[in-house]
Amino acid sequence: MIYDFKSIERKWQNYWSKNKTFKTAIDENMPKYYVLDMFPYPSGSGLHVGHPLGYIASDIISRFKRKKGFNVLHPMGFDSFGLPAEQYAIKTGKHPKLTTDKNIKRFKNQLNKLGLSYDWDREIKTSDSNYYKWTQWIFLKLYNSFFDESVNKAKNISELKIPEKLNDQEKIQYIDSKRLAYLDNVDVNWCEELGTVLSNEEVIGGLSERGGHPVIRKPMRQWVMRITAYASRLLDDLELLDWPESIKLSQKNWIGKSEGAKIRFTINKNSYVDVFTTRPDTIYGATYLVLAPENELSIKLATTENRNIVENYILKSSQKSDLERQENIKDKTGVFTGSYAINPISKEKIPIWIADYVLSGYGTGAVMAVPGHDERDFEFAEKFNLKILSVVSGGKEGECYTGDGKIINSEKYNGLDNQKFKKVVCELLEDLELGKKSINYKLRDWIFTRQRYWGEPIPIMYHGNIKVPLSDTDLPLILPDVESFKPTGDGSSPLSRNKSWKNILLNGKKFERETNTMPQWAGSCWYFLRFLDPTNGNSFANKNKIDYWMPVDVYIGGAEHAVLHLLYSRFWHKVLYDLGFVSGPEPFKKLVNQGMILGNSAFIYRIKNTNTYVSYDLIKKHDVQKINVDIDLLINNNELNLEKLKNSDIRFKNAEYKFNEKFTVSREIEKMSKSKFNVVSPDKICEKYGADTLRMYEMFLGPIEQSKPWNTAGISGVHNFLKKFWSLYHDQSGFCISYSKPDQNSLKILHKTIKKVNLDIEKFSFNTCVSAFMICVNELSSINEKSFEVLKDLCILMSPFAPHICEEIWSKFGESNSISNQNFPTHNELILVEDEFEYPISFNGKLRLKMIFKLDCEYQDIEKELSQNEKVNSYLSGKKIKKIIFVKSKIINIVF
RNA sequence: GCUCGGGUGGUGGAAUUGGUAGACACGUUGGACUUAAAAUCCAAUGAGCAGUAAUGUUCGUGCGGGUUCAAGUCCCGCCCCGAGUACCA
């Protein structure tokens, strides 16, 4: 009987969706398990084979845990606010809502074809007003909270102690300065091309993360989230998480904790410069100070004769983009202010400089330069001929030394270990009241507003300078329509075009709405909570449901979110935790990063400035240009089907082609992308081999965390395996199994597999599971085992991986229940014990021989067996055996 | 530059964490079935040497050393590839 995967898969997908097989509800009698995928942005190009990798893995875990007796929550939704839909709207005038809805439909359709066991009743979209109502609500909670340093947690703003003697205006200012969401004039990352502000996390190497457009610094009035208040908790709580070390590390680096000291250098009675340093032990080597150009003190400290050059320098560096600043790292620039400060310990008078190698956003925006022991300071001092003094021994003459050593050139402290001296300096400074121990973080506050249309409106109004938050009853603040989605160019959002929405009259007073929107990350910061109670109209989620389901037990997604989404959502979750809305400090207990599946691009070569294409083996003779070509046009991996190519595009139709015998292409592994014509769609694979084959093959490709190129050729192996599996249960005429007692050998094979699969799923090692199934089916086929007792368990065992085929087979067993409700088999160790082995013996790595032993063999037997072999006998030469080393019930060595 | 991963057949990858390296699969070769092809099935497949053969034997996990009865796995020193990060004082 033939394995007709198409009708089987259609049948069971319909069955599952009709019967809502995977609908989940709270059951206090069952342990819960929350399996979450990073929900996708519904892009216009649909899924490629790389997307489902994580979804298949999480589906296997979900189905496995259900069979293990857990109440499994496995939802899916869409992160539907975002830039591509907006950019598409700018180009075509089509409303992002329409394109987004269309894309979601397509995504859902594709996902369902893979047989994923989602509870679709919980589907959410971040662009749905029923959803973003609560995103806005959480924003207001942040607005109405402050961080109480004394207890290290957020509290309602009403609990804030306001200093007395403040007038009303000052009181408001004071409160505003403490809010977790606050409005500030900040230097932002402005991307002209995208027409919007970006967060620090969205800027990579001076270019925008999306699109790679240049980014410049520009002061703008923006909403900012006080994530820095949580720096220490975000860092410390990483310990609680079962996450890949690499992700934890990137978060650690991003938060960037450094311990050191804050030191005050006095200039005169009224002024001083504070610096932060991690090397207070080098205080005697601090031979000058450097301020960032943006530091307010910079201009104040310029003496009259230096005023011009200082002003000039500050102006110039403000015009530089981040990229330009980074370009000439080796060639440092700077100017002298003309002022001097006093080193608080050595009492030396040292010059104060301004240079853009000092960053305004980190520490105090000023450093004490120790050219003897800091490479940047060293370069600067060499260039401008400033004094260089070694104060820690160990370095070479005329070089900068950053290691540890004994203190030198530091008066009475010479000879101390520099690490010990750190402490001493801190104490000295504290006595002098000119400094103290201090901790600094690299993390900056999160710039939260975007000058875009397609995002959540911010629920704040302004009356002149007064901010008025919307009340809960006014939510959601619906995103209105606009005439044009284009950026306005002047730094305000497209929303500001809709005057009737922006300007409102309330009780005779004029108000203006905030027209910026929230960043893409806002919606994804808390979506895992909404899945618990997606239709709740009274709160973002019922507290009982949160208590039951949270935290997420397994979270699967790409590593590209290491610091963005994963840091922001931890931050919001902690705020909600402090305010009592959620029950735990961390949202995601275990995190698994699936690797990327790469595409295998193909290239053809055109002779430059001609319309002639050359086969890859002939390109050396010509000056050629490389062009991406669709991988669907290939035969046998690297041969091009010229007929197909000519028919695919008019520019190929009339071109000339040079080749011997075959026209060959070159191949390269790249990221899968529509523009590179290397996309393999899961739909095609499902059409040809079925979803079960695709699921197993994607798992079989290699470890889930690893990036690997897609290779369609290998899929036949897995497909053949499924056919073989099918034929275990069927003969030519139809379903055929036996109800007689199973063969002892087949039980062994089965239980070996059960043991391995149980272990491997828990370890997320799905590729080895698939191998185990293959071995099992091969062995059962070769002994022609058809026993119900064995085949039943095998069917359940494989159903998380290949659910359709297993449901179909299961339905033929005549059991009333769906296979989803069956208990996962556990192995019986006794069956696995063998009574007789053929042992290989290795002796000093030199000698190997095979012998037969009984499990409970005596030494004498071994000696007897050994003595029959001349070679072994010479090694033994009368020695008495003390011990036999068994490993995995095999004899590995004999000790005398 | 710094930090973290990783180098195993022609290819993707196994190896119970120190115990028969190369499981499983692709590919290749040979065979069976077919008028033929496809499909399917069977066999061989790390390299070398000896042998008609069963088999024996040497070398093999990026390179060089070390620990151990035993190293892909542990230690030391290099080389190469990938990812992240980048003047964070």
Side-chain angles (χ1 to χ4, degrees), chain A residues 204-206 244-250 252-258 260-261 275-280 282 286 290 292 322 325-326 328-330 332 355-370 373-377 379-380 402 440-444 559-560 562-563 595-596 637 696-697 700-703 705-721 723-724 727 755-756 759-760 763 765 767-778 781-782 838-846 848 850 885-888 890-896:
Chain A
I204 293 165
E245 278 310 310
S246 62
I247 299 283
K248 285 198 198 179
L249 203 82
S250 344
K252 271 181 206 164
N253 289 341
W254 193 262
I255 296 166
K257 179 179 180 171
S258 24
V275 303
F276 172 77
T277 179
T278 54
R279 296 292 303 271
T282 59
V290 194
D322 278 14
R325 271 200 185 193
Q326 281 164 17
N328 35 10
I329 251 173
K330 284 284 158 215
K332 298 208 160 26
D356 65 4
Y357 82 87
V358 174
L359 305 173
S360 62
Y362 184 76
T364 58
V367 301
M368 63 175 216
V370 186
H373 304 283
D374 181 287
E375 274 167 29
R376 294 150 303 177
D377 298 339
E379 273 168 37
F380 192 78
T402 52
N440 221 318
Y441 295 96
K442 226 157 78 174
L443 186 72
R444 319 271 167 90
E560 66 273 20
V563 283
M596 232 189 309
N637 193 39
M696 289 207 108
Y697 184 56
F700 183 66
L701 270 176
E705 327 81 50
Q706 217 167 80
S707 290
K708 54 232 152 186
W710 176 263
N711 176 12
T712 305
I715 205 164
S716 64
V718 173
H719 191 60
N720 284 345
F721 155 71
K723 283 194 213 163
K724 216 171 189 179
S727 58
K755 187 177 178 180
K756 179 145 184 67
L759 229 77
D760 283 354
K763 285 194 301 192
S765 175
N767 54 331
T768 53
C769 279
V770 178
S771 295
F773 290 133
M774 288 177 173
I775 295 167
C776 182
V777 169
N778 275 338
S781 311
S782 70
E838 190 170 301
Y839 292 118
I841 299 179
S842 85
F843 182 73
N844 284 351
K846 287 275 177 197
R848 276 183 205 147
K850 283 189 176 169
I885 302 171
F886 285 85
V887 174
K888 277 166 52 176
K890 283 178 184 172
I891 293 174
I892 292 302
N893 200 11
I894 302 170
V895 179
F896 301 99

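Chain letters run A, B, ... following the sequence lines, proteins first and then strands; every chain starts at 1.
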[atom1] atoms of [N] and [M], separation to the nearest Å:
| N | M | atom1 | result |
| --- | --- | --- | --- |
| B:G84 | B:G10 | C1' | 33 Å |
| B:C74 | B:U61 | C1' | 16 Å |
| B:C80 | B:C42 | P | 47 Å |
| B:A43 | B:G48 | P | 24 Å |
| B:A83 | B:C78 | C1' | 22 Å |
| B:U58 | B:G62 | C1' | 22 Å |
| B:U85 | B:A21 | P | 42 Å |
| B:G13 | B:G65 | C1' | 30 Å |

Runs of at least three consecutive pairs that involve RNA chain B, where pairs are Watson-Crick or G-U with distances under 3.5 Å =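 Runs of three or more consecutive pairs: B:1-7 with B:79-85, B:10-12 with B:24-26, B:27-32 with B:40-45, B:46-50 with B:55-59, B:62-66 with B:74-78.
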Applying side chain to side chain donor-acceptor pair (under 3.5 Å), name anything that partners [X], two or more places apart in sequence or on another chain.
| X | answer |
| --- | --- |
| A:Tyr441 | none |
| A:Asp760 | A:Lys756, A:Thr768 |
| A:Lys724 | A:Asn778 |

Name all residues meeting the side-chain contact (heavy atoms from CB on, under 4.5 Å) criterion together with [X]; count only those two or more places apart in sequence or in a different chain, and write none if there are none.
| X | result |
| --- | --- |
| A:Pro244 | A:Ser246, A:Ile247, A:Leu591, A:Asn593 |
| A:Met596 | A:Leu598, A:Lys671, A:Ser707 |
| A:Asp356 | A:Pro293, A:Tyr313, A:Ser317, A:Lys320, A:Arg325, A:Thr333 |
| A:Thr278 | A:Ser258, A:Phe276 |

Is [X] touching bases, backbone alone, or none of the nucleic acid, heavy atoms closer than 4.0 Å?
| X | value |
| --- | --- |
| A:Asn440 | nothing |
| A:Ile775 | sugar-phosphate |
| A:Gln706 | sugar-phosphate |
| A:Val358 | base |
| A:Asp377 | nothing |

Report the residues that fulfil salt bridge (charged side-chain N to carboxylate O under 4.0 Å, His left out) with A:Lys708, sequence neighbours left out, ordered by chain and then residue number.
->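 Once residues adjacent in sequence are excluded, A:Lys708 has no partner under the salt bridge (charged side-chain N to carboxylate O under 4.0 Å, His left out) criterion.
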Qualifying residues under salt bridge (charged side-chain N to carboxylate O under 4.0 Å, His left out), relative to A:Lys248, sequence neighbours excluded |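 Here the qualifying residues are A:Glu245.
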Return the value, rounded to whole Å, for the distance between atom [atom1] of [X] and atom [atom2] of [N].
| X | N | atom1 | atom2 | answer |
| --- | --- | --- | --- | --- |
| A:Asp760 | B:C24 | CG | C1' | 12 Å |
| A:Asp374 | B:A86 | CG | C1' | 15 Å |
| A:Leu701 | B:A14 | CG | P | 11 Å |
| A:Arg279 | B:C87 | CZ | P | 20 Å |
| A:Glu560 | B:A83 | CD | P | 14 Å |
| A:Lys442 | B:U85 | NZ | C1' | 7 Å |
| A:Met774 | B:G12 | CE | C1' | 12 Å |
| A:Glu375 | B:A86 | CD | P | 18 Å |

5'-most by nearest nucleotide on RNA chain B - A:Pro703 or A:Tyr362 |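 Nearer the 5' end of the strand: A:Pro703.
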Taking the nucleotide of RNA chain B with the closest heavy atom to each, which residue, A:Ala713 or A:Leu359, is nearer the 5' end?
->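 In this pair, the answer is A:Ala713.
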Since syn is defined as within 90° of 0, does B:G9 count as syn or as anti?
->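 Nucleotide B:G9 adopts syn.
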Conformer about C1'-N of B:U20 - syn within 90° of 0, anti elsewhere =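 B:U20: anti.
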Please report the shortest heavy-atom distance between [X] and [Y], naming the atom on each side.
| X | Y | result |
| --- | --- | --- |
| A:Val358 | A:Val290 | CG2-CG1, 3.6 Å |
| A:Thr402 | A:His373 | CG2-O, 3.5 Å |
| A:Met368 | A:Arg279 | CE-O, 3.7 Å |

Selected nucleotide, minimal atom distance to [X] side chain, candidates [options]:
| X | options | answer |
| --- | --- | --- |
| A:Thr277 | B:C87, B:G12, B:A89 | B:A89 |
| A:Ser716 | B:G27, B:A14, B:C24 | B:G27 |
| A:Trp254 | B:A25, B:G12, B:A86 | B:A86 |
| A:Asp356 | B:C87, B:C24, B:A14 | B:C87 |
| A:Lys708 | B:A89, B:C24, B:G13 | B:G13 |

Hey, is the side chain of A:Tyr357 poking within less than 4.0 Å of OP1 or OP2 on B:A89, counting only N and O atoms?
->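 Indeed not, no polar side-chain atom of A:Tyr357 lies that close.
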B:A89 OP1/OP2 closer than 4.0 Å to side-chain N/O of A:Ser258 |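 The answer is yes; a side-chain N or O of A:Ser258 sits under 4.0 Å from OP1 or OP2.
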Are any of the side-chain heavy atoms of A:Met696 and A:Phe773 separated by less than 4.5 Å?
->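 Side chain of A:Met696 against side chain of A:Phe773, heavy atoms only: contact under 4.5 Å found.
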Hey, what are the protein-to-nucleotides 4-11 of chain B N/O distances that come in under 3.5 Å?
none

Take atom CD in A:Glu560; do more than 12 heavy atoms of anything else shown fall under 6.0 Å from it?
->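 Buried by this count: over 12 neighbours within 6.0 Å.
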Could you go through nucleotides 37-39 of chain B and list every protein N or O atom that sits under 3.5 Å from one of its N or O atoms, giving the distance for each pair?
none

